[in-house]
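Contents: one structure, followed by commentary.
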2 protein chains.
Amino acid sequence: MPTPLVLKLARVLDLGAADVAALAALGSPSRRCAAGRSLVEAGRRMSAAILVHEGWAVRHRTLADGRRLVLDFVLPGDICDPAVFVTSRADFSMQALTDLRYGLVQSEDVLDLVNRSPRIGAAFWWAEAHEEAITRAHLVAIGRMSAYERVAYLLWELWTRLRVVNLADADGFEAPFGQDVLADAAGLSYVHLSRTLCRLDRDGLIHRRPPHGWRIPDAARLREAMQISDALHLTPLPRRIQQRLSR
Amino acid sequence: MPTPLVLKLARVLDLGAADVAALAALGSPSRRCAAGRSLVEAGRRMSAAILVHEGWAVRHRTLADGRRLVLDFVLPGDICDPAVFVTSRADFSMQALTDLRYGLVQSEDVLDLVNRSPRIGAAFWWAEAHEEAITRAHLVAIGRMSAYERVAYLLWELWTRLRVVNLADADGFEAPFGQDVLADAAGLSYVHLSRTLCRLDRDGLIHRRPPHGWRIPDAARLREAMQISDALHLTPLPRRIQQRLSR
DNA sequence: GGCTCCATTTAACACAGGTTAAGGCGCCCG
DNA sequence: CGGGCGCCTTAACCTGTGTTAAATGGAGCC
């Protein structure tokens, strides 16, 4: 069974057996972290990238008066801050939503890896660019979409990302968090988030199976509701580029 | 006179004369583009990163029904999409706000540069991470700050970034665009943006000198208004990392 | 100087979403 | 089996921001 990171990268890069082995070894030994704990604290100096093997986390940021925004969800196979080594201090916090299994990749090691193997390098680059694309889409959603569209978008994004790493099935997924987290990701109050979910439910765009099940009865209608098109860079790289990586 | 890119990177990395020369040569020959023209169209395949030498641009995204969000401003010294080579299609559009002088760096060349010189590589990495930090801060601003705080934040961000490349002075800057652009960056209607600017003006946080002058009479009070702390990774990299780049 | 054009401001009104508070419901635990 | 506790939902009300439209003001031009 390939690791989630390999699953993700395999759709973008042609990976040889050696690459797969190298990627599978990334972030060992694995460490654990209990649900609710913070792995990264905004403002702290960071010395390693965090590769999540198993479990869910969020990156978020809290304003002086407690208002919080969830920047994104960190899923298995995600590298939180692949560019640590050029980043002086964390500009976000990271918190485990479930018990977590993860690994660290020290800044210096990232640098060496990237320099030594163009393919692993590309993997880190891609991870960084992917993360940025997600953040940009999120920005558009929060900046210009209505609550209804925005929540539809977030659910679709999660579902899409989970399917890539085989953690969702064709008609829905399990998400281990409460509505407060989703509200902070959507930039809504939890009350209005609840209203909005009920509407999506009533309209048949989603179906909730408590406590944590989200079914998507009609993917096409959900996509239609969200006004934005899929642009998470999940398609394979052009051959031209791939060849340059093979040296 | 160092190029804006060099000015920016010099605060993060210790650059030798050779590095400076290499960076100064990036993105030649320079090309021109008239104000208002699009340089990148969302959904198109991109084949080069764009290094802006002179002038202002924005990256933005438009929904099906015309609602638009400005993702960020592209200033001299900024590399738009340093990670092009791992990115399949543009997920944003880019438009010149003024006449522009810029250069292209072909995807394949980025890859070679990055692999050949660890220092130039780090420069691209840093540019990508910096861009992402800006986007994240923007996300927090739009997601959880009031219109007042948010506009204060955007003006402060522009001012800060411009000072890094010597394009602003100690008490303000010139920004060559109308309120509609700023409104799309703040995720507000232009009417409410105008109201908000007037309030900021009345409160003495900013002073506008038409048509394009923005004075900041009291930087401390502006920062106070914005609830968020500077986190654009503009501080030097740790020595430990720098040493690894010198090989 | 007066006209036109464009960007900005003001005004009046509408509505999405926030706030506060109360109610429902399932789940754990005694 | 009953009580209590979290979480989610509903309701009523309030406010910030959007919308539409008209007024103002400055820059260029005749």
So which protein N/O to nucleotides 24-26 of chain D N/O distances come out below 3.5 Å?
none

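- The aromatic rings of B:His130 and B:Trp126 sit parallel to each other, their planes meeting at less than 30°, with 60° as the upper class boundary.
- A donor-acceptor pair under 3.5 Å is absent between the side-chain atoms of B:Arg61 and the main chain of A:Leu139, judged by distance alone.
- With hydrogens and angles disregarded, no donor-acceptor distance shorter than 3.5 Å links the side chain of A:Gln95 to the backbone of A:Ser38.
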Result block: side-chain N/O donor-acceptor pairs under 3.5 angstrom for residues 62-70 of chain B, not counting sequence neighbours:
unit_1, atom_1, unit_2, atom_2, d
B:Asp65, OD1, B:Arg67, N, 3.3
B:Asp65, OD1, B:Arg67, NE, 3.2
B:Asp65, OD2, B:Arg67, NE, 3.0
B:Asp65, OD2, B:Arg67, NH2, 3.1
B:Arg67, NH1, A:Arg144, O, 3.0
B:Arg67, NH1, A:Glu149, OE1, 3.0
B:Arg67, NH2, A:Glu149, OE1, 3.4
B:Arg67, NH2, A:Glu149, OE2, 2.9
B:Arg68, NE, B:Asp184, OD2, 2.7
B:Arg68, NH2, B:Asp184, OD2, 3.3

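- Within residues 136-152 of chain A, no residue has any heavy atom closer than 4.0 Å to DNA chain D.
- Side chain to side chain, A:Thr235 and B:Ser88 meet the donor-acceptor criterion of an N or O pair below 3.5 Å.
- A distance-only check finds a donor-acceptor pair linking the side chain of B:Ser93 to the backbone of B:Ala42 [under 3.5 Å].
- For A:Glu128, the side-chain hydrogen bond (donor to acceptor under 3.5 Å, both in side chains) test picks out no residue, with sequence neighbours left out.
- Straight-line distance from the CG atom of A:Asp184 to the P atom of C:dG17: 16 Å, rounded to whole Å.
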Taking distance alone, no hydrogens or angles, what donor-acceptor pairs closer than 3.5 Å link side-chain atoms of residues 165-180 of chain A to residues at least two apart or in another chain?
unit_1, atom_1, unit_2, atom_2, d
A:Asp169, OD1, A:Arg215, NH1, 3.3
A:Asp171, OD1, A:Arg215, NH1, 3.2

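- A:Leu197 comes within 4.0 angstrom of nothing in the nucleic acid, heavy atoms only.
- Listed for the A:Asp218 side chain is a donor-acceptor partner under 3.5 Å among the backbone atoms of A:Ala220.
- When the P atom of C:dT19 is taken as reference, atom CG of A:Asp65 falls 10 Å away, rounded to whole Å.
- Here D:dT9 presents its P atom at 15 Å from CZ of A:Arg199, a figure rounded to the nearest Å.
- Put simply, CG on A:Leu188 is 20 Å from P on D:dT15, counting in whole angstrom units.
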Checking side-chain contact (heavy atoms from CB on, under 4.5 Å) for the pair B:Arg59/B:Val74: CA distance, chi angles, key distance, verdict?
CA-CA 7 Å; B:Arg59 296 203 290 169; B:Val74 185; 3.6 Å; yes
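- Contacts classified as side-chain hydrogen bond (donor to acceptor under 3.5 Å, both in side chains) and involving residues 44-54 of chain A (residues at least two apart or in different chains) are given here: A:Glu54-A:Arg101.
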Assess the residue pair A:Asp81 and A:Phe92 against the criterion (side-chain contact (heavy atoms from CB on, under 4.5 Å)); give the C-alpha distance rounded to whole Å, side-chain angles, the decisive distance to 0.1 Å, and a yes or no.
CA-CA 10 Å; A:Asp81 215 347; A:Phe92 53 82; 3.8 Å; yes
Set out, line by line, the N/O atom pairs under 3.5 Å between protein and nucleotides 12-14 of chain D.
unit_1, atom_1, unit_2, atom_2, d
D:dA12, N6, A:Arg195, NH1, 3.4

With 3.5 Å as the limit, what N/O pairs link the protein to nucleotides 4-8 of chain C?
unit_1, atom_1, unit_2, atom_2, d
C:dT8, OP1, B:Gln179, N, 3.4
C:dT8, OP2, B:Gln179, N, 3.2

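- Each end of the helix from C:dG1-D:dC30 to C:dA22-D:dT9 gets its own rotation axis from five pairs of C1' atoms, and the angle between them is 30° to the nearest 10 degrees.
- One atom, CG of B:Leu193, and another, P of D:dG18, lie 10 Å apart when rounded to the nearest Å.
- The 12-atom threshold is not exceeded at CZ of B:Arg32, counting heavy atoms of other residues, nucleotides or ligands nearer than 6.0 Å.
- Rounded to whole Å, atom P of D:dG18 lies 12 Å from atom CZ of B:Arg67.
- What separates NE2 of A:His192 from P of C:dT20 is a distance of 17 Å, to the nearest Å.
- One can place CG of B:Asp201 at 8 Å from P of C:dT9, the figure rounded to the nearest angstrom.
- For the side-chain hydrogen bond (donor to acceptor under 3.5 Å, both in side chains) test, no residue two or more places apart in sequence or in another chain qualifies with A:Thr98.
- Remark: B:Pro211 pairs with no residue by the side chain to side chain contact (heavy atoms under 4.5 Å, CB included) rule, at least two apart or across chains.
- Here A:Arg150 pairs with nothing under the side-chain hydrogen bond (donor to acceptor under 3.5 Å, both in side chains) rule; sequence neighbours left out.
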